Amino acid sequence: MSAKTLIGRVALYALLSAITFLVCFPLVWAFFTSVKPKEEIFRWPPTLWPESWTLENYRALLEGKQAYFQAGAAAASGPPPSAFFLDWFLNSLIVTLGTTAISTIVSTLAAYSLTRFRFPGQRAVPYLALVGYMVPSIIFVFPMFLVMADLRLTDTLFSLILGYVCITLPFCMWLMWAFFRGVPIEIEEAALVDGASRLRVFWEIVLPTAWPGIIAAAIFTLIVSWNDYLFGRVFMNSMENLPLTVGVMHFFDGTHVDWGLMMASSVLMTVPMAVLFMLLQKHLVAGFGAGAVKG
């Protein structure tokens, strides 16, 4: 390797490392803040590395205890917000998994039918779905809220699942439609000629081949439904039914902000998605022919 090539490679890695540090710095700061005691959090000038480490903020979240809210105000208003953190986490998990399952299954079946069967308006459906996704989601919130109120579904997790499906399904269907268009149909035709049923062809040939696209659609749905704030803020009222994104806002108490709990909850909210993405990222770069049967 020449000296010029080595210098260029070192410069490239240094630049990528700097960009990675800048992108990850908010999460790094949140983590170090979450393990600082109260006095050190408010110290000026602020420091990144804690002088003393504590897990009190995480313990308060997991055990449902207050960290350093004003004791009198917390006692007067009932349980502290941290008492509901595990409920919020479970709510977000249920809503995210439910939304992902529905959006992924429906979009996969719809995209397959659009690329394998002929019917009036077949060409227009994918583009209309994409236009539906391009409309800001805030436009759908209040009409959907009125529908949920008529159906008596407000303040339920099912209302959030339906709301997130409405905003994720159009893009997932368009993504899967574009993916299925690149899947060779000759493999399916050969299996049908050999006597396989349409359902068996779809299950044993199409799905393995389309796995990278399904993973991409699932990751998109996971991120949207896990991070959304607007639908949860409008649809949900009771403390125990809130998703994480809305619940953690209760760590703001007027002019007081419980930064320790806020940073600890931010870390616990971010880590699951980060770990899941790292585990599934290899599927995003898999070949379009992954899982196809070689003849």
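In this text, all values refer to a predicted model and were calculated from it rather than measured experimentally.
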Sequence neighbours excluded, which residues qualify as side-chain hydrogen bond (donor to acceptor under 3.5 Å, both in side chains) partners of Ser103? Thr168
Under 3.5 Å side-chain donor-acceptor pair for Trp29 and Thr33: yes
Specify the closest pair of heavy atoms between Ser238 and Asp155, including all atoms of both residues, with the distance to one decimal. OG-OD2, 3.0 Å
Less than 4.5 Å apart, side chain to side chain, heavy atoms only: is that true for Phe32 and Leu27? no
Using the ring of each side chain (for Trp, its six-membered ring), is Phe231 parallel, tilted or perpendicular to Phe235, with breaks at 30° and 60°? perpendicular
Using the six-membered ring wherever Trp is involved, compare the ring planes of Trp53 and Trp49 and label them parallel, tilted or perpendicular (cut-offs 30° and 60°). perpendicular
If we ignore hydrogens and angles and just use 3.5 Å, is the side chain of Ser107 paired with the main-chain N or O of Thr104 as donor and acceptor? yes
Contact check, side chains of Ser34 and Tyr58, non-hydrogen atoms, under 4.5 Å: yes
For the side chain of Thr115 and the backbone of Arg181, is there at least one donor-acceptor N/O pair under 3.5 Å apart? no
Do the side chains of Phe84 and Leu242 get nearer than 4.5 Å, heavy atoms only? no
Nearest heavy-atom contact between Ala111 and Met173 is CB-O, 3.9 Å
Over 60° means perpendicular and under 30° means parallel, so classify the ring planes of Phe220 and Phe171, tilted if in between. tilted
Do the side chain of Thr156 and the main chain of Leu153 share a donor and acceptor less than 3.5 angstrom apart? yes
